[in-house]
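Here is the naming used below: chain letters follow the sequence lines, and residue numbers restart at 1 for every chain.
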Amino acid sequence: MNLVEKHDDVIRVRFAPSPTGHLHVGGARTALYNYLYARRQGGVFVLRIEDTDAARSTKESYEGIMRGLRWLGLEWDEGPDVSGDYGPYVQSARSVLYHSEIDRLLREGKAYRCFCTSEELDAMRVEQERKKLPPKYTGTCRCLTPEESEERLARGMPYVVRFRMPVEGDVRFTDVIRGDFSFANAELDDFVLIKSDGRPTYNYAVVVDDAHMRISHVIRGDDHISNTPRQVHLYGALGFKLPRFAHLPMILGSDKTRLSKRHGATSIDAYRDKYYLSEAMVNYLALLGWSYDGKRELFTVKALIEAFSLKKVSSNPAVFDPAKMEWINAEHFKMLPQSRKIELVYEVLEKEGLFPPSFEVDLSRPVDLKLVPGKEPLRVEAIGDAERTYAKEIPRLALIIDALGNRLKLLKDVPDLMGYFYRDDYVRDADAVLNHLMKKESSVRLAALADEYDRLQYFDRASVEEALRALADRLELQSGELIHPCRVALTGKTVSPDIFWVVVLLGKAKTIQRLRAAAALGAEKR
RNA sequence: GGCCCCUUAGUCUAGUGGUUAGGACGCUUGGUUCUCAGCCAAGAAUCAGGGGUUCGACUCCCCUAGGGGCUACCA
């Protein structure tokens, strides 16, 4: 007993999901705060799986949650798949403990067996609702004598174990974030501890486990505030010292209701699949309900650990804002070293079927490479087994990424932003084609430009720009009048990076080919 | 129905009795430019409502409204 007391100084927190679905943003945020608090305080972060609901728990969910946490970088110190002194860390494997503790409660009269059937309970509830009374267990079995109880037990009647709630007085506890709470015991009923299938209920298992795992701080969603008084009673009945509680505000959707599928992506997996950066996800999640000084918003995980404090957690619910999430993501992407960007973009290109490219491009003058401020060595080994294409394509990819610059904010935009560099069947903007290419004059101009480029000996940026501007002069055109149709001809869009970089990175052959194709398009028009 | 939580611009927040109510996303405008993004500059927009307490309330108290949670042999 009082196992916790002598370890008072050790900070131990836990994230305790039930494996009944994917890891969603709310759960991830809870996990993150626990993680940050543990790291900040030099404590221990425990992962415990609460799978007492046999019907809804799945292995896929269990694995998915761990995959999600790992993706976010929230490594736990103790958990189902790592060592720890307080295991097992899956509730379905801890039934012996729950039962030995329940025996104590039963013996001490702090809990009792209830033989009411669910039909009886339902009828009771209907009756209470009809009378507009709060639905509570009426205590039919509360007064069963030990003999009666034993007799029914012997007859094999199914039963649950209920907590014997005091009828008077109240419970108090303090929340680190919200201050003091007091609940009247009369509001609480004799809730179930052990279900008729022998499994513990959430409220019971969570207390037994938090106590036995010596959890010092229970950091969880504020939907658990109403459960806390019950749990406080259990700590007392079991003779355990109370942990500190910190209830986090909920995360809501744009309509201020609980975040759900209809608000768009709510699972962490969805963000990973859309190529969000995990560090950006962590950063944004940290900001939902917590702030440092109201000013600084961009944090690495390391910086978060240093800055995090439960005291600064806000108590009002936060609406998840995808736009801000994107901004944070873009900021983190900007900060990445070029070698990392290359790895990341390469992965997306492969997954989206854009790599290897459908045509080859020779960058005729490697001198151009020096014009690009990508000084970092490329990490060849991260690229995998595509060495042959790699040798030619990665330097080009590096240049493309550089040309794109800040236009590339979200990895999921890679196909849209870079497709035309890798395939001929890139998406063309119909309006752009109509407005810029389906005209006689653009046809003439583009044909002329193609001829100019055909004559070029070196296809580097300076030569390419010079040729275009010279042609514009000769034709007495603004350079834009050449550049815009050229852009649409090469990319299918009205927006792109610096057109001369596009030309160079597309290579001489492909550039001329596309210019001529575009010229043909407008040839018969007027 | 009962109990509980929450309420600063569209959104995330700073703020703890006296501030021009600060920052960020988003939005608008201007500059840079071959487009867009970026960057720079500027701008619109907030204390849910009503009562108190006080010399003075965004800040404290009460009520109302709105949102959320719990009230399960779900967690």
Watson-Crick/G-U partner (both atom distances under 3.5 Å) of C3(B) | G69(B)
Report the distance from atom CG of Asp222(A) to atom P of U7(B), rounded to the nearest whole Å.
->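 Distance, rounded to whole Å: 11 Å.
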Value in whole Å for how far the C1' atom of C6(B) lies from CD1 of Ile225(A) =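 Checked: the CD1 to C1' distance equals 9 Å.
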Would you kindly say whether [X] and [Y] are connected by a side-chain donor-acceptor distance under 3.5 Å?
{"X": "Asp413(A)", "Y": "Tyr275(A)", "result": "no"}
{"X": "His224(A)", "Y": "Gln231(A)", "result": "no"}
{"X": "His247(A)", "Y": "Arg220(A)", "result": "yes"}
{"X": "Gln91(A)", "Y": "Asp209(A)", "result": "yes"}

When you compare [N] with [M], how far apart are their [atom1] atoms, in angstrom units rounded to a whole number?
{"N": "A24(B)", "M": "C61(B)", "atom1": "C1'", "result": "33 Å"}
{"N": "A44(B)", "M": "G10(B)", "atom1": "P", "result": "15 Å"}
{"N": "C63(B)", "M": "G2(B)", "atom1": "P", "result": "14 Å"}
{"N": "A21(B)", "M": "C47(B)", "atom1": "C1'", "result": "8 Å"}
{"N": "G31(B)", "M": "G68(B)", "atom1": "C1'", "result": "46 Å"}
{"N": "G26(B)", "M": "G38(B)", "atom1": "P", "result": "8 Å"}
{"N": "U13(B)", "M": "U54(B)", "atom1": "P", "result": "34 Å"}
{"N": "U20(B)", "M": "C25(B)", "atom1": "P", "result": "25 Å"}

Classify the nucleic acid contact of [X] as base, sugar-phosphate or nothing, counting any heavy atom under 4.0 Å across all strands shown.
{"X": "Ser254(A)", "value": "nothing"}
{"X": "Asn227(A)", "value": "base"}
{"X": "Pro135(A)", "value": "base"}

May I ask you to decide if the ring planes of Phe173(A) and Phe183(A) are parallel, tilted or perpendicular, using 30° and 60° as cut-offs?
->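 Aromatic pair Phe173(A)/Phe183(A) classed parallel.
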May I ask you to verify if any side-chain N or O of [X] is less than 4.0 angstrom from the OP1 or OP2 atom of [N]?
{"X": "Ser496(A)", "N": "U35(B)", "value": "no"}
{"X": "Lys256(A)", "N": "A48(B)", "value": "no"}
{"X": "Arg178(A)", "N": "C5(B)", "value": "no"}
{"X": "Lys334(A)", "N": "G38(B)", "value": "no"}
{"X": "Lys311(A)", "N": "U16(B)", "value": "no"}
{"X": "Ser314(A)", "N": "U13(B)", "value": "yes"}

Whichever of Asn406(A) and Val192(A) has the more 5' nearest nucleotide on RNA chain B, that residue is Asn406(A)
Just compare [options] and give me whichever is closest to any side-chain atom of [X].
{"X": "Ser315(A)", "options": "G23(B), C6(B), U35(B)", "value": "C6(B)"}
{"X": "Arg125(A)", "options": "C73(B), G69(B), G38(B)", "value": "C73(B)"}
{"X": "Arg407(A)", "options": "G69(B), C6(B), C36(B)", "value": "C36(B)"}
{"X": "Val495(A)", "options": "C36(B), U8(B), C34(B)", "value": "C36(B)"}

State which residues pass side-chain hydrogen bond (donor to acceptor under 3.5 Å, both in side chains) with Arg487(A); sequence neighbours excluded, sorted by chain then number.
-> Ser496(A)
Sorted by chain and residue number, the side chain to side chain contact (heavy atoms under 4.5 Å, CB included) partners of Val433(A) (sequence neighbours excluded) come out as Arg428(A), Leu437(A), Met438(A), Val488(A), Leu521(A)
Ordered by number, residues from residues 319-327 of chain A within less than 4.0 Å of RNA chain B (heavy atoms) are Val319(A), Asp321(A), Ala323(A), Lys324(A), Trp327(A)
Could you point out which residue of Lys409(A), Lys412(A), Lys274(A) forms a salt bridge (Lys or Arg N to Asp or Glu O under 4.0 Å) with Glu326(A)?
-> Lys412(A)
